[in-house]
Protein chains: 2
Amino acid sequence: MDIQESIRVAIVEDEQEIRELLEQIIDLSPGFSCKRTFSSCEDALPGLIADPPDVVLMDINLPGMDGISGTGKLTEQIPELNIIMLTIQDDPDLIYQSLCAGATGYLLKDTPPVKLLQAIEEVRQGGSPMSPSIARKVTMSFRPAVNYDLSDREKEILTRLTQGENYQVIAAELFISGHTVRTHIRNIYRKLQVNTRGEAVSTALRNKIV
Amino acid sequence: MDIQESIRVAIVEDEQEIRELLEQIIDLSPGFSCKRTFSSCEDALPGLIADPPDVVLMDINLPGMDGISGTGKLTEQIPELNIIMLTIQDDPDLIYQSLCAGATGYLLKDTPPVKLLQAIEEVRQGGSPMSPSIARKVTMSFRPAVNYDLSDREKEILTRLTQGENYQVIAAELFISGHTVRTHIRNIYRKLQVNTRGEAVSTALRNKIV
DNA sequence: CGGTCAATCGCACATATGAGGTATTTTAAA
DNA sequence: TTTAAAATACCTCATATGTGCGATTGACCG
């Protein structure tokens, strides 16, 4: 392997101490190089878009544009860019937002240097490195949160509501009368504590009921 | 640490060869023990529910009840049970369904023994081990898939549709007339290629537009 | 300068929906 | 076998919705 082929890493991190520490860890490791570091997204974006590195380490808490918005802007321009969030927070909501914005990895800042370097390599090879506790939060996010105690029939009808079918169509497909469909939907709304179709579909999908 | 404290692993796998190979890998490794193996979910469920192991390795393709359904039944009874899917398939849909059913890890069958043991330890410690390519598919699943080219105003209205607000309420909140709301919604429906509120909300949420 | 598009506003009408109530039958559990 | 829950069915009525049409304004672009 050519000496030139070291993985080019860029860092966006506002705290000077951490930034320089990361830079040293990476730059002093064979196979890795860190030529560019930034203390804000505003500084980082133009350069990173013009000449994308192999991997970006992105802090979430930044003055001005936060790391999640920055990640969004970057992936909008360069969808295949590998961005690893590197932060203290393990708030499920921030993890969710980061991944939606296009992050491909998510590490906690207490990650030891060796693991950090492994993660950079892994994301380079098409993986999605995450700290164990983060990965767990991600998998847990797929689970249905609350149990609304819907009957099978109700779930069936709710599914069809999400598909935009109207009362008559549902009735025909399930071989029941439109009146019955209305009654079921009334019960669904009561259990879901909603009173419109839009809310019902929304609650159903967000809670993975269907 | 006590010698008794080895991690108790159970295996559900129909192919005898693979099952016995896994059993050996685990049972011969210090700190791990595999006392129970099954060739079907039907066989496995009663025992696993009665006396849950620390970790379950679950195949997806099984005769009779498949591994995803089995995982669902298990987590219904024991939500905190650690189940690692162990399969050849990396189909995003199966990954999604597995995680929804309650799987906490997902490994490909070509995972080398060392990595497998590491994964078992990791899931035991609250992580969610995944093969790199699987993890990447999981993170990618958070990204908005298709761009429907909605204007900011349209996204704003779409968001409110998902919250079940009616035309008049939306109009009042955005300080525009109900007529305008209708026009926007008409345009949203056209762009999303739907013609009911339920479908619009569904498409919006599934594609992470809002 | 002409063209395009987003955002705004308007009218009319058939149908779908949500909300109120009541009641029978089937299934499952106690 | 009694009871409870789920599934079924019906009625009425005010309002929301989807859709057909047309129109004006302002911003931005070539």
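Numbers restart at 1 for each chain; the letters A, B, ... are given by sequence-line order, proteins then strands.
Contacts between chain A and DNA chain C, taken as any atom within less than 4.0 angstrom of a protein heavy atom, begin and end at C:dA16 to C:dG21.
In this model, no donor atom of one side chain and acceptor atom of the other lie less than 3.5 Å apart for B:Glu122 and B:Gln118. In this structure, a donor-acceptor pair under 3.5 Å is present between the side chains of B:Arg136 and A:Asn82. Counting only N and O atoms by type, the side chains of A:Glu20 and A:Gln16 include a donor and acceptor under 3.5 Å apart.
Between A:Ser131 and A:Leu107, the shortest heavy-atom contact is OG-CA, 3.5 Å.
A:Ser177 comes within contact range of the sugar-phosphate backbone alone, with a heavy-atom separation under 4.0 Å but no base atom that close.
Rounding to whole angstrom units, NE2 of residue A:His179 and C1' of D:dA9 are separated by 7 Å.
B:Tyr189 places a side-chain N or O within 3.5 Å of a backbone atom of B:Arg197 that can act as its donor or acceptor partner.
Using a 4.0 Å cut-off between a side-chain N of Lys or Arg and a carboxylate O of Asp or Glu, B:Asp59 and B:Arg19 do not qualify as a salt bridge. Ion pairing between A:Glu121 and A:Arg124 fails under the 4.0 Å rule for side-chain N and carboxylate O.
In this structure, the separation between CD1 on B:Ile185 and OH on B:Tyr167 is 4.0 Å, given to the nearest 0.5 Å.
B:Arg186 pairs by the salt bridge (Lys or Arg N to Asp or Glu O under 4.0 Å) definition with nothing, not counting sequence neighbours. Looking at residues two or more places apart in sequence or on another chain, you find a ring pair (Phe, Tyr, Trp, His ring centres under 6.0 Å) between B:Phe142 and A:Tyr96, A:Phe142.
The only member of A:Thr180, A:Ile188, A:Asn187, A:Leu150 that meets side chain to side chain contact (heavy atoms under 4.5 Å, CB included) when paired with A:Ile157 is A:Ile188.
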Next item on the list: Start with the C-alpha gap between A:Lys137 and A:Met130, add the side-chain angles, then the distance that decides, and say whether side chain to side chain contact (heavy atoms under 4.5 Å, CB included) holds.
Entry: CA-CA 10 Å; A:Lys137 290 195 171 65; A:Met130 289 175 271; over 6 Å; no

All N/O contacts under 3.5 Å from nucleotides 25-30 of chain D to the protein, with atom names and distances to one decimal?
none

Tabulate atom names and distances for all N/O pairs under 3.5 angstrom spanning the protein and nucleotides 16-19 of chain D.
residue	atom	partner	partner atom	Å
D:dT17	OP1	B:Arg197	NH1	2.6
D:dT17	OP2	B:Tyr167	N	3.0
D:dG18	OP1	B:Tyr189	OH	3.1
D:dG18	OP1	B:Arg197	N	2.8
D:dG18	OP2	B:Tyr167	OH	2.6
D:dG18	OP2	B:Tyr189	OH	3.0
D:dG18	N7	B:Arg182	NH2	2.7
D:dG18	O6	B:Arg182	NH2	2.3
D:dT19	O4	B:Arg182	NE	3.2
D:dT19	O4	B:Arg182	NH2	3.4

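For B:Lys109, the NZ atom counts as densely surrounded, since its 6.0 Å shell holds more than 12 non-hydrogen atoms of other residues, nucleotides or ligands.
Using a 4.0 Å cutoff on non-hydrogen atoms, the parts of residues 148-155 of chain B near DNA chain C are B:Ser151, B:Arg153, ordered by number.
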